[in-house]
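In what follows, a single structure is set out as structure tokens and then discussed.
Proteins get letters first, then strands, A, B, ... in listed order; numbering begins at 1 in each.
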Amino acid sequence: MAPPKLNEYERKRLENIRRNNEMMAALKVHSKATALSNHSKIVAKSYTVKLEKKPKIETPIVIRRSLRTRGIPPDSKGLDLDANSDSNTSTHNSPNKVEKFVQTLGPISMKDAYKGTDDSDRSFIESLVSMSNKGLLEEELEGPAKKKKTECSFELESLSLDPENIARVVPGRITQVRFFPSKDVNMIAAGNKFGDIGFWNVGESEIFLYHPHAAPISGILFQQHCLSKIYTSCYDGFIRLMDAEKEIFDMVYNSSDNACIYALSQPKNDANCLYLSEGKGGLAVLDNRIGKCSSHWDLHGARINTIDFNPQSSHIVATSSSDGTACTWDLRCIGGRKHTALRTFAHKRSVQSAYFSPSGSSLATTSMDDTVRIYSGVNLEDETSVYHFNQTGRWLSTFRAIWGWDNSYLFVGNMNRGVDIVSTVQKATVKTLESPHISAIPCRFDAHSFEVGMLAGATSGGQIYVWTSS
DNA sequence: AGGTCAATTACGTAG
DNA sequence: CTACGTCCATTGACCT
């Protein structure tokens with residue numbers, strides 16, 4: 001099935017390019033009425049939130065360049081990017097290009113970060129706080145999830161997309177999407193390219209949009225026992241902790257040498273430690289008790305795109321990197337001069353993700369070499385490679401195949417605005433979720449921990465589509 | 001080995 | 001409906 005699919009993608013791509021060229025050429029001529037029927041007729045839901053507080057947002061924001069003039073130590077944030085921003089001398093140079101990586105040190109109040117009308121997020125904040133008071137019992141955390149992981153028997157055919165479950169949650173390209181790990185709500189948090197975080201209670205029309213960061217969001221991490229606290233990591237080099245009780249986005253980490261943070265993760269059994277990837281292949285352990293990194297290792301030759309803990313053994317972690325490899329590590333053995341991976345999974349191009357299956361027995365990677373690979377067996381020595389076109393191009397977030405609710409299926413976006421479902425048993429794409437309601441390509445996904453069949457797909461236009469299982 | 005540069009081509013929105 | 005602007009990824013080709 002692979003060759004015909006490749007041809008189809010290639011044909012579409014080439015056709016796109018050709019059409020663009022034709023249009024360019026046609027600018028000089030005058031004529032043309034060839035209405036190609038494509039899928040641009042779909043009307044996507046638009047914002048329900050009013051974005052009126054622009055001036056408010058800009059006040060607390062500090063231009064990086066001015067940090068020095070304000071007496072802030074230069075090592076807190078360098079300005080290399082400003083210095084060499086001209087190196088990219090493309091045809092366009094927008095005037096506000098200089099404002100990139102603008103960020104405020106210290107906490108930001110949720111009020112200041114809120115992009116809706118004044119205080120209209122009051123009830124949302126209160127609901128977050130009440131969620132945290134309630135908390136989750138250990139058995140609630142383990143019970144259903146475990147049950148689902150072992151004997152999840154939902155039908156792929158039952159997945160459907162209700163138009164109610166579509167919303168534009170943030171402007172622009174979504175880089176991260178996460179369901180709240182809660183039995184009681186179907187709440188989604190989404191982070192975008194601009195550093196916004198949007199919240200959406202699936203099925204409802206209200207959106208709560210905040211701007212705690214100034215660059216692409218690279219991680220959203222919930223505290224399992226306290227849903228009112230959410231960590232966010234960002235290319236701006238900051239990790240913040242949204243605390244709905246204090247109503248702030250606190251700053252818990254500031255990358256020292258102006259390094260981008262590309263991924264954020266946490267082992268299940270240790271709430272004190274955050275694992276983050278920064279810079280060119282670095283993995284750091286942030287100890288919240290001391291507010292500093294207790295370890296910093298150079299594990300890869302290029303940026304680490306994902307960090308994923310094995311659900312069964314929390315000292316085993318998988319990393320995926322743009323250096324073309326995915327690796328598994330034993331955290332107990334890392335350290336010293338040389339870091340040796342348990343296993344290295346070589347790909348022909350950069351690896352965008354490496355995720356353990358719910359049981360922890362398999363690892364799935366997604367790579368720019370146009371494969372989704374599944375490693376299984378006692379030492380993950382059995383490799384299955386499934387062809388999957390992963391050339392998302394410049395404007396889309398890269399594809400990352402995620403696990404569903406058991407070890408049998410992977411979900412990954414495709415360039416035809418569908419969601420490919422890869423069966424690990426049949427070692428092939430067995431089904432593609434499609435809908436006329438989808439008006440853009442879903443790139444990033446999350447599966448609800450407690451609702452089998454509830455799958456969120458996020459696009460580069462800010463929409464989120466939530467499939468449900470009836 | 002490591003920097004630089006160009007090419008890629010989806011989506012929302014302004015007109 | 002069409003045209004414009006986006007621009008923090010990735011890669012290969014070319015240079016030092």
Whole-Å gap separating C1' (dA1(B)) and NZ (Lys280(A)): 10 Å
Asn390(A) CG to dA10(B) P, straight-line distance once rounded to whole Å: 15 Å
Under 5.5 Å and under 30°: Trp395(A) stacked on dT6(C): yes
Heavy-atom protein contacts under 4.0 Å, nucleotides 9-16 of chain C, coded B base, S sugar-phosphate only, - none: BSSS----
C1' gap between dC8(C) and dT13(B), integer Å: 22 Å
Gap between atoms CZ and P, on Phe194(A) and dT13(B) respectively (whole Å): 10 Å
Reference residue Phe124(A); test ring-ring contact (aromatic ring centres under 6.0 Å, His included); the match among Tyr114(A), Trp200(A), Phe199(A): Phe199(A)
Ion pair check, Lys431(A) and Glu157(A), cut-off under 4.0 Å: yes
Between dA10(B) (C1') and Phe399(A) (CZ): distance, integer Å: 11 Å
Parallel, tilted or perpendicular: rings of Tyr375(A) and Phe345(A) (30°, 60°): tilted
Rounded distance (Å) that lies between atom C1' of dA10(B) and atom CD1 of Ile174(A): 14 Å
With sequence neighbours excluded, residues passing ring pair (Phe, Tyr, Trp, His ring centres under 6.0 Å) with Phe249(A): Tyr210(A)
Check: Tyr235(A) ring centre within less than 6.0 Å of Tyr262(A) ring centre: yes
Contacts of Asp308(A) that satisfy salt bridge (Lys or Arg N to Asp or Glu O under 4.0 Å) - sequence neighbours left out: none
Asn414(A) CG - dA10(B) C1' separation (whole Å): 14 Å
dC7(C) phosphate, OP1 or OP2, under 4.0 Å from Lys193(A) side-chain N/O: yes
